[in-house]
A.B. asks: 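Structure incoming, see below.
Counting from 1, the numbers follow the sequence of the chain as shown.
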Amino acid sequence: MELNRVYCMDNLELLKQINDEEINLIYCDILYNTGKIFKDYDDRLGTPQQAIKWYKPRLSEMKRVLKNNGLIYIQCDYRLVHYLKVEMDNIFGINNFRNDIIWNYGGQSRSKDISCKHDNILRYSKSNKYIYNTQYQPYTEKTLKEFRHKNEKGELCVRTCRRDKDGNKRYYYTPMKEGANITDVWDIGLLTSSSRERVGYDTQKPKELLERIIKSSSNEGDIIADFFCGSGTSLVVAKELNRQYIGCDLNPRAIEITNKRLKSI
């Protein structure tokens, strides 16, 4: 197995060729089992139970190849998320569940009922020691109004008031960070039809989404693996952020598009 390469093969067969604890970070935007045949792939795995039976050996292999301080992100939606959560609790350990991240991609709805406008991203570690680099999201308007004070260096600050031991008011100024610490709800929009990122591949994910995952859960030089790579957005972002990568997909067109994007960097 070579690093910085995209493989056109069954991901289970590729996983079996990877050494134990080889990978720092796994991200997979898996088959959601929508029952549809898209232009670029067949998204039919049968019943949820049949889908989980298909995923089980793959998830087990992903755990094996993941480093002890690594993280895995599995992206899906309401069709399989609850079944996958139970299976990943069994494989990775319920105490290694970290988050069910909600990717709120928004958009307009014409439905007469409550419409679904999010994906789920299950985040698990392999142990209680794992990589995390703090990431920030923009402050809300309410929070920004609080940054109206400046310290002696001229930095925008939040001012807090506390009383000293004599009961006198004392003001403290905390410099503004890059933003607020991210939560488990990510407001990142879908790619528009006119986006320059578009490569003409079904269900392509925005680079901003992958940047947040890769920056938060790996360091430069680490190995990022995507075993359902599709148009290769995760691998493109990995390369741009000076990470190594391994990609896999059954669709030759996916491999062609991914390699073209990688060569353009």
A.B. asks: Does R253 make a cation-pi contact with Y201 (under 6.0 Å, within 45 degrees of the axis)?
C.D. replies: no
A.B. asks: Evaluate whether atom CD of E256 has more than 12 neighbouring non-hydrogen atoms of other residues, nucleotides or ligands under 6.0 angstrom away.
C.D. replies: no
A.B. asks: Relative to the ring of Y173, is the ring of H149 parallel (under 30°), tilted (30 to 60°) or perpendicular (over 60°)?
C.D. replies: perpendicular
A.B. asks: Under the 3.5 angstrom rule, does the side chain of T192 hit a backbone N or O of S195 as a donor-acceptor pair?
C.D. replies: yes
A.B. asks: Check L14 against C248 and note the closest heavy-atom contact, atom names and distance.
C.D. replies: CD2-CB, 3.6 Å
A.B. asks: Would you say the side chain of Y78 lies within less than 4.5 Å of the side chain of H118, judging by non-hydrogen atoms?
C.D. replies: no
A.B. asks: When you measure from the side chain of N133 to the backbone N and O of S218, does any donor-acceptor pair fall under 3.5 Å?
C.D. replies: yes
A.B. asks: Does the side chain of Y171 come within less than 4.5 Å of C157's, by heavy atoms?
C.D. replies: no
A.B. asks: Does a side-chain heavy-atom distance below 4.5 Å link V6 with D249?
C.D. replies: no
A.B. asks: Using a cut-off of 6.0 Å, state whether more than 12 heavy atoms not belonging to I94 lie near its atom CD1.
C.D. replies: no
A.B. asks: Test of understanding: clusters of I, L, V, M, F, W, Y form through side-chain heavy atoms closer than 4.5 Å, transitively. Do V199 and I255 belong to the same one?
C.D. replies: no
A.B. asks: Charged N to carboxylate O under 4.0 angstrom, D164 versus R170?
C.D. replies: yes
A.B. asks: Given the rule that I, L, V, M, F, W and Y join up when any side-chain heavy atoms are under 4.5 Å apart, are V81 and I121 in one cluster?
C.D. replies: no
A.B. asks: Between R58 and D10 (salt bridge meaning N to carboxylate O under 4.0 Å), is one present in this structure?
C.D. replies: yes
A.B. asks: More than 12 heavy atoms of other residues, nucleotides or ligands under 6.0 Å from CD of E208: is that the case?
C.D. replies: no
A.B. asks: How about NZ on K56, more than 12 heavy atoms from neighbouring residues, nucleotides or ligands closer than 6.0 Å, or not?
C.D. replies: no
A.B. asks: Using residues 67-76 as the side-chain source, report each donor-acceptor pair under 3.5 Å to any protein atom, sequence neighbours left out, with the distance given to one decimal.
C.D. replies:
{"unit_1": "Y73", "atom_1": "OH", "unit_2": "R123", "atom_2": "NE", "d": "2.9"}
{"unit_1": "Y73", "atom_1": "OH", "unit_2": "S217", "atom_2": "OG", "d": "2.6"}
{"unit_1": "Q75", "atom_1": "OE1", "unit_2": "Y27", "atom_2": "OH", "d": "2.7"}
{"unit_1": "Q75", "atom_1": "NE2", "unit_2": "D119", "atom_2": "OD2", "d": "3.1"}

A.B. asks: Please determine whether side-chain contact (heavy atoms from CB on, under 4.5 Å) holds for the pair D184 and D100, giving the CA-CA distance in whole Å, both sets of side-chain angles, and the decisive distance to 0.1 Å.
C.D. replies: CA-CA 7 Å; D184 60 1; D100 178 2; over 6 Å; no
A.B. asks: Which atoms form the tightest heavy-atom contact between N104 and K117, and what is the distance?
C.D. replies: OD1-O, 3.5 Å
A.B. asks: Given side chain to side chain donor-acceptor pair (under 3.5 Å), test T233 with R261 step by step and report yes or no.
C.D. replies: CA-CA 9 Å; T233 301; R261 295 179 74 189; 3.1 Å; yes
A.B. asks: Is any side-chain heavy atom of Y124 less than 4.5 Å from a side-chain heavy atom of K63?
C.D. replies: no
A.B. asks: Do the side chains of I30 and Y7 join up, straight or via other hydrophobic residues, at under 4.5 Å, putting them in one cluster?
C.D. replies: yes
A.B. asks: Please check if L210 and Y105 belong to a single hydrophobic cluster, counting links between Ile, Leu, Val, Met, Phe, Trp and Tyr side chain heavy atoms closer than 4.5 Å.
C.D. replies: yes
A.B. asks: Indicate yes or no: at least one non-hydrogen side-chain atom of T258 is less than 4.5 angstrom from one of Y245.
C.D. replies: no
A.B. asks: Give a yes or no answer on whether the side chain of T47 reaches the backbone of Q50 with a donor-acceptor pair at less than 3.5 Å.
C.D. replies: yes
A.B. asks: Looking at CD1 of I23 and CZ of F227, how far apart are the two atoms once the value is rounded to the nearest 0.5 Å?
C.D. replies: 5.5 Å
A.B. asks: Sub-3.5 Å donor-acceptor pair from the side chain of K205 to the main-chain atoms of L191, do we have one?
C.D. replies: no
A.B. asks: How close do I91 and S60 get, counting heavy atoms only, and between which atoms?
C.D. replies: CD1-OG, 3.7 Å
A.B. asks: Let me check something: do V86 and I52 share a hydrophobic cluster, defined by ILVMFWY side-chain heavy atoms less than 4.5 Å apart, either directly or through other members?
C.D. replies: no
A.B. asks: Is the shortest heavy-atom distance from the side chain of N242 to the side chain of Q244 under 4.5 Å?
C.D. replies: no
A.B. asks: So for atom CD1, which belongs to I265, do other residues, nucleotides or ligands contribute more than 12 heavy atoms lying within a distance under 6.0 Å?
C.D. replies: yes
A.B. asks: Determine the minimum heavy-atom distance between W103 and G189, stating which atoms define it.
C.D. replies: CZ2-O, 4.2 Å
A.B. asks: Rounded to the nearest 0.5 Å, how far does CG of D77 lie from CG of D29?
C.D. replies: 10.0 Å
A.B. asks: Just by modelled atom types, is the Q135 backbone N or O under 3.5 Å from a matching donor or acceptor in the K215 side chain?
C.D. replies: no
A.B. asks: Side chain to side chain donor-acceptor pair (under 3.5 Å) with R44: which residues, sequence neighbours excluded?
C.D. replies: D42
A.B. asks: First locate atom OG of S231, then atom CG of D40, and finally report the distance between them rounded to the nearest 0.5 Å.
C.D. replies: 8.5 Å
A.B. asks: Tell me the closest heavy-atom pair linking Q137 and V185, and the distance in Å.
C.D. replies: OE1-O, 4.1 Å
A.B. asks: Does K153, at its NZ atom, have more than 12 non-hydrogen atoms belonging to other residues, nucleotides or ligands within less than 6.0 Å?
C.D. replies: no
A.B. asks: Heavy-atom distance under 4.5 Å between the side chains of V65 and I26, does that happen here?
C.D. replies: yes
A.B. asks: Say you draw a straight line from CD of Q204 to CG of L190; how long is it, rounded to the nearest 0.5 Å?
C.D. replies: 11.0 Å
A.B. asks: Write down the atom of D226, the atom of S234, and the distance for their closest heavy-atom approach.
C.D. replies: OD2-OG, 2.6 Å
A.B. asks: Is there a side-chain contact between D222 and L25, using heavy atoms and a 4.5 Å cut-off?
C.D. replies: no
A.B. asks: Q17: which residues meet the side-chain contact (heavy atoms from CB on, under 4.5 Å) condition with it, sequence neighbours left out?
C.D. replies: M9
A.B. asks: Could you point out which residue of L80, L122, L59 forms a side-chain contact (heavy atoms from CB on, under 4.5 Å) with E87?
C.D. replies: L59
A.B. asks: Using 0.5 Å steps for rounding, measure from the OH atom of Y32 to the CG atom of D43.
C.D. replies: 9.0 Å
A.B. asks: How far does CD1 of I188 sit from CD of E211, to the nearest 0.5 angstrom?
C.D. replies: 9.0 Å
